[in-house]
Each structure stands twice: as structure tokens, then as C-alpha cells.
Number of protein chains: 2
Amino acid sequence: MDTLQFTKAIAHETRQEIMSHLCCVWLSVNDLVEKLGGKVNQPTVSHHLKILEEAGLVHIRQEGKYRFYTLNQERITLCCGMLIQTFAPDYQQAVIRVDDIE
Amino acid sequence: MDTLQFTKAIAHETRQEIMSHLCCVWLSVNDLVEKLGGKVNQPTVSHHLKILEEAGLVHIRQEGKYRFYTLNQERITLCCGMLIQTFAPDYQQAVIRVDDIE
DNA sequence: TTGACATATTGATATTTTTCGATATGATTA
DNA sequence: TAATCATATCGAAAAATATCAATATGTCAA
């Protein structure tokens with residue numbers, strides 16, 4: 001788990017779009033292809049999902065012939081914390097689950 | 001100031017090395033070339049610095065014929081916060097200056 | 001089984017990014 | 001002013017990444 005893999009994984013317009021669609025939502029690959037509105041085709045979406053998967057940024061649930069993806073928000077938060085620790089050590093962050101305080 | 005420019009700016013091994021060297025320290029371009037130990041040459045370092053500059057991630061101070069660079073830690077912290085807000089909204093972060101609490 | 005559908009993989013091409021040598025710019029000193 | 005040094009920019013080549021069409025794999029239902 002390093003900052004380089006994390007940043008490379010998310011440093012792409014289409015992947016960030018995919019991530020937005022997967023935020024708090026489970027979607028299949030074809031759902032995503034549709035949401036992206038013809039911008040890219042199915043193999044390309046699969047390719048991007050794989051990169052996100054390898055970086056640990058998505059949860060995956062297989063259901064029949066479908067694979068559902070959703071964002072791993074905890075991991076994203078951790079990686080961002082790591083970035084701050086590495087490149088902004090004079091700042092300190094506390095990451096708090098909203099659930100824990102409300 | 002968007003998440004895409006930020007992530008693209010930092011998603012490169014050499015640039016992350018440069019950022020590490022510039023963390024809490026002011027260095028000239030040639031200082032950096034040396035610190036990188038022959039990995040890349042001066043025009044390449046200048047190129048990477050420009051990308052960091054365009055993303056607002058460095059402070060620059062001209063001193064005679066030298067240009068000194070250092071990391072803009074506050075900006076980095078803000079961008080990471082933006083990432084969390086965008087891609088991990090179920091987590092909430094508080095970013096606190098160490099100076100303010102010690 | 002077979003057929004149909006969802007997703008992954010492959011291999012080739014296209015695009016983007018990085019890198020370097022050469023050179024330009026800008027500042028300082030002789 | 002000329003010479004020197006630090007850094008930036010340019011243009012071409014190299015490397016890395018993204019994209020797509022074709023096809024393989026894997027799952028379900030008939």
C-alpha cells in the first residue's frame with residue numbers, strides 16, 4: 001500500500017468518473033458503461049475497474065453472472081491520510097466516521 | 001482546483017521523490033538534480049517542477065539567479081480533503097495544524 | 001448439454017506523458 | 001558590455017498508458 005499506486009490509480013478522468021458513480025452505490029460493469037454514456041466501451045471499463053481493484057479501492061460482490069462494484073471509502077480515506085502524513089507532515093488530520101459522532 | 005489536476009500532478013514516481021525532498025525544505029533546481037542522483041537531468045526536473053507549480057503544490061522564491069522551491073503543505077492537505085469529500089463522503093476529516101494544538 | 005448474456009482478457013493501435021540534447025532566457029559578476 | 005552560471009523552453013524520440021475489436025471465460029436458464 002503505497003502512495004504511488006494509489007495516486008496512479010485515481011489519476012485518470014474516466015476512473016474518477018467511475019469512482020463518482022460507485023460512491024455509496026453498487027453497480028455492475030454494464031451499469032457503469034451506460035452511466036458513462038458511450039464515452040468508453042465495456043472492455044475499457046473492465047480495465048479501469050481492474051486498476052481500481054488492484055489498488056484496493058473497490059469492493060466487489062459477485063451475484064450470478066453480474067459483478068457489482070462499489071467504492072471502498074475507508075481505504076480511500078486511509079490513502080489520503082497517508083498522503084498527508086507523507087507530504088504535509090506539519091498538518092495533522094483526524095479522520096472520524098460520521099456514524100461515530102452523529 | 002480540481003481533484004484530477006491534483007492527482008495527475010502527484011502520480012509520478014520522480015515527482016513524489018521531488019516532493020519528499022521539498023518537504024519542509026527550500027531547494028534550488030540544481031540541488032534537486034543532485035539529490036536525485038543522476039536519475040534525471042536538469043530539464044526534466046524543471047519540467048516536473050512546472051507541473052507541481054501549475055497544480056499549486058509548491059511555493060517558489062527567486063533569489064538572484066536561483067529559484068528555490070518548497071512544498072505547499074497546506075494546499076496538499078486541502079486537496080486531500082477534497083479527495084475525501086468527493087470519494088469518501090461517509091467519512092469526515094478534521095485537518096488541524098500541529099502548531100495550533102501544541 | 002446448449003444458448004444467451006455479463007464480464008475479462010488479448011493483441012494491436014492510438015494517445016499521452018516522460019525524457020533528453022540543444023538552445024533560449026534571465027541574472028550576476030568581471 | 002561580455003562571460004558565466006542557473007533555470008526554462010523547444011522539439012524529437014522513447015516509454016507508458018488507454019482504447020477498441022475480437023475473443024475467451026464463466027454463469028445461468030432452458
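Keep in mind that the numbers below use all heavy atoms, side chains included, and drop hydrogens, waters and symmetry copies. Chain naming here is simple, since letters A, B, ... match the order of the sequence lines and numbering starts at 1 in each.
- Residue His48(A) places at least one side-chain N or O closer than 4.0 Å to OP1 or OP2 of dT19(D).
- Counting only heavy atoms from C-beta on, Asn41(B) has its side chain closest to dG21(C) among dG21(C), dA8(C), dT9(D).
- Counting only N and O atoms by type, the side chains of Thr77(A) and Gln73(A) include no donor and acceptor under 3.5 Å apart.
- Among the nucleotides dT27(D), dT18(C), dT7(D), the one closest to the side chain of Gln62(A) is dT27(D).
- Side-chain contact annotation: Gln16(A) with Thr86(B), donor-acceptor N/O pair under 3.5 Å absent.
- Rounded to whole angstrom, the span from the CG atom of Leu4(B) across to the P atom of dA18(D) amounts to 12 Å.
- For the pair Gln16(B) CD and dT17(C) P, the computed distance is 17 Å after rounding to whole Å.
- Side-chain atoms of Val29(B) lie closest to dA8(D) of the nucleotides dA21(D), dT7(C), dA8(D).
- Considering NZ of Lys35(A) and OG of Ser20(A), their distance stands at 11.5 Å, rounded to 0.5 Å.
- Side-chain atoms of Asn30(B) lie closest to dT7(D) of the nucleotides dA18(D), dT19(C), dT7(D).
- At least one donor-acceptor pair under 3.5 Å links the side chain of Gln5(B) to the backbone N or O of Glu54(B).
- A close approach under 4.0 Å does not occur between any side-chain nitrogen or oxygen of Lys65(B) and OP1 or OP2 of dT4(D).
- When atom types are taken as modelled, the side chain of Arg15(B) and the backbone of Ala9(B) share a donor-acceptor pair closer than 3.5 angstrom.
- Put simply, CG on Leu49(A) is 12 Å from P on dT19(D), counting in whole angstrom units.
- Atom NE2 of His12(B) and atom C1' of dA15(D) are 10 Å apart (whole Å).
- Each of Glu63(A) and Ile51(A) was assigned the nucleotide of DNA chain D with the nearest heavy atom; the assignment lying further toward the 5' end belongs to Ile51(A).
- The side chain of Tyr69(A) contributes no N or O atom lying less than 4.0 Å from OP1 or OP2 of dA6(C).
- Distance, Tyr66(B) OH to dT29(C) C1': 12 Å, rounded to whole Å.
- Comparing atom distances between the Gln42(A) side chain and each of dA18(D), dT7(C), dA22(D) picks out dT7(C) as nearest.
- Taking only side-chain nitrogens and oxygens, Lys8(B) never comes nearer than 4.0 Å to OP1 or OP2 of dT16(C).
- In this model, the phosphate group of dT9(C) is not approached by any side-chain N or O of Ser46(A) to a distance below 4.0 Å at OP1 or OP2.
- Between Leu36(A) atom CG and dC20(D) atom C1' there is a gap of 15 Å when expressed in whole angstrom units.
- OP1 and OP2 of dA6(D) both lie 4.0 Å or more from every side-chain N or O belonging to Arg67(B).
- The Thr14(A) side chain lies nearest to dT19(D) when the options are dT19(D), dT7(D), dT7(C).
- Rounded to whole Å, the distance from NE2 on His47(B) to P on dA14(D) is 18 Å.
- Taking atom CG of Leu52(B) as the reference point, atom P of dT7(D) lies 16 Å away to the nearest angstrom.
- To the nearest 0.5 angstrom, Asn30(A) atom CG is 13.5 Å from Arg67(A) atom CZ.
- Comparing atom distances between the Pro43(A) side chain and each of dT19(C), dT7(D), dA8(C) picks out dA8(C) as nearest.
- Here the nucleotide nearest the side chain of Thr44(A), chosen from dT19(D), dA8(D), dT7(C), is dT19(D).
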